[in-house]
Amino acid sequence: MTRIRAIVFDMDGVLIDSEELHAHAKRLAFAHAGIALTHADLRAGVGRSDAIIIDEIGARYELTHAQRLMVLDEKARIYEQEEKGIKTVPGAIEFVRWAAEHYRLALGTSATRRNRTATLDRLGIADLFEAVADSGDVSEPKPSPEVYLLAAARLGLPPSECMVVEDALTGVLSGKLAGCCVSALTRTFPAPELIEAGADFTFEDFVSLKQFLSGLEREGLRE
């Protein structure tokens with residue numbers, strides 16, 4: 001395996017336990033438009049930008065463009081109203097602080113710039129990331145590799161020297177298409193699905209990931 005010099009983190013589902021709130025906000029926003037979302041609708045949106053998934057779902061349920069924009073605005077309002085209750089993923093902050101002492105760090109997220117900034121500021125770790133890339137920086141959302149290619153470029157490193165940490169199938173595919181090594185946490189999707197999507201490794205928690213990376217250090221496979 002190529003020497004790992006940087007770790008590029010996804011945000012939702014990796015650093016913060018926000019997927020339930022995202023689903024809740026989408027469910028309510030669509031309900032206000034007369035649409036009852038199914039579990040499949042919500043699952044398809046994990047790891048994808050709100051603008052894209054709300055447009056896709058809205059079109060499928062024959063909402064007008066104006067109605068879809070209203071759903072998008074309503075979803076953002078509900079999320080922002082309740083986001084202070086979001087908990088961090090167990091061990092995530094401790095792992096980021098440890099990783100910052102051993103690797104260069106970046107963030108590659110489908111979140112909006114507003115949500116990305118608010119989250120990193122709330123967690124108190126914004127200054128640990130040398131580079132960030134969010135939905136406002138790219139023309140194509142995950143599973144396009146654009147966000148991870150941009151994060152690597154902003155670090156000045158080839159993607160092959162970056163390890164992506166993801167939790168979603170679309171994010172795993174994005175990282176692999178970018179040419180990164182991808183480690184996936186099995187919090188949102190089971191390990192077999194993540195491996196099928198292309199993950200190089202899967203981990204139950206950050207303790208396991210830290211142990212794995214410490215092993216790479218002993219083998220000389222990190223900077």
Side-chain angles (χ1 to χ4, degrees), residues 1-18 47 49 86 88-168 170-185 199-201 203 205-217 219-223:
M1 189 174 73
T2 303
R3 183 182 296 271
I4 300 300
R5 299 178 62 193
I7 299 178
V8 187
F9 293 83
D10 176 40
M11 189 176 78
D12 291 285
V14 171
L15 300 181
I16 55 172
D17 197 5
S18 56
S49 74
I86 295 174
T88 59
V89 170
I93 304 308
E94 296 83 355
F95 179 81
V96 169
R97 294 192 184 283
W98 172 83
E101 298 176 354
H102 300 271
Y103 300 89
R104 300 174 64 190
L105 303 187
L107 189 79
T109 175
S110 296
T112 62
R113 185 158 301 165
R114 182 264 166 209
N115 287 356
R116 182 262 298 170
T117 301
T119 296
L120 293 186
D121 287 347
R122 187 170 70 251
L123 298 180
I125 57 174
D127 61 339
L128 298 181
F129 293 92
E130 286 187 49
V132 296
D134 57 43
S135 64
D137 294 313
V138 298
S139 59
E140 296 183 357
K142 298 175 186 177
S144 162
E146 187 176 359
V147 71
Y148 286 124
L149 287 172
L150 181 58
R154 287 178 172 175
L155 286 171
L157 293 174
S160 61
E161 295 182 0
C162 299
M163 174 178 282
V164 164
V165 181
E166 265 286 354
D167 72 307
T170 54
V172 168
L173 182 56
S174 174
K176 290 306 295 180
L177 289 173
C180 302
C181 170
V182 177
S183 295
L185 293 171
D200 296 285
F201 313 99
F203 301 92
D205 51 36
F206 280 105
V207 172
S208 301
L209 180 53
K210 180 180 176 181
Q211 291 173 344
F212 173 76
L213 291 173
S214 296
L216 291 186
E217 180 178 354
E219 295 172 12
L221 289 176
R222 81 158 182 83
E223 184 70 2

Can you label the angle between the Phe212 ring and the Phe203 ring as parallel, tilted or perpendicular, going by 30° and 60°?
tilted
How long is the span from the OG1 atom in Thr88 to the CG atom in Leu123, to the nearest 0.5 Å?
7.0 Å
Rounded to the nearest 0.5 Å, what separation is found between the CD atom of Glu146 and the CG atom of Leu177?
12.5 Å
Non-hydrogen side-chain atoms of Phe206 and Leu185 separated by less than 4.5 Å:
yes
Using modelled atom types only, decide if a donor and an acceptor are shared between the side chain of Arg104 and the backbone of Arg5 within a distance under 3.5 Å.
no
Hey, could you give me each pair passing side-chain hydrogen bond (donor to acceptor under 3.5 Å, both in side chains) that has a residue in residues 174-183? Not counting sequence neighbours.
Lys176-Asp200
Do Leu15 and Thr119 touch side chain to side chain, with heavy atoms closer than 4.5 Å?
no
May I ask you to test the Ser208-Phe201 pair for a side-chain heavy-atom distance under 4.5 Å?
no
A side-chain contact here means heavy atoms from C-beta on lying under 4.5 Å apart; do Leu149 and Pro159 qualify?
yes
Are the side chains of Leu213 and His102 in touch, meaning some heavy atoms are under 4.5 Å apart?
no
Counting C-beta onward and ignoring hydrogens, is there a side-chain heavy-atom pair between Thr109 and Asp12 closer than 4.5 Å?
yes
Can you find a heavy atom in the side chain of Arg113 that is under 4.5 Å from one in the side chain of Asp137?
yes
Does the side chain of Glu161 come within less than 4.5 Å of Leu155's, by heavy atoms?
no
Salt bridge (charged side-chain N to carboxylate O under 4.0 Å, His left out), paired with Arg116, selected from Asp10, Asp121, Asp134:
Asp134
Do any N or O atoms from the side chain of Glu166 and from the backbone of Val182 form a donor-acceptor pair under 3.5 angstrom?
no
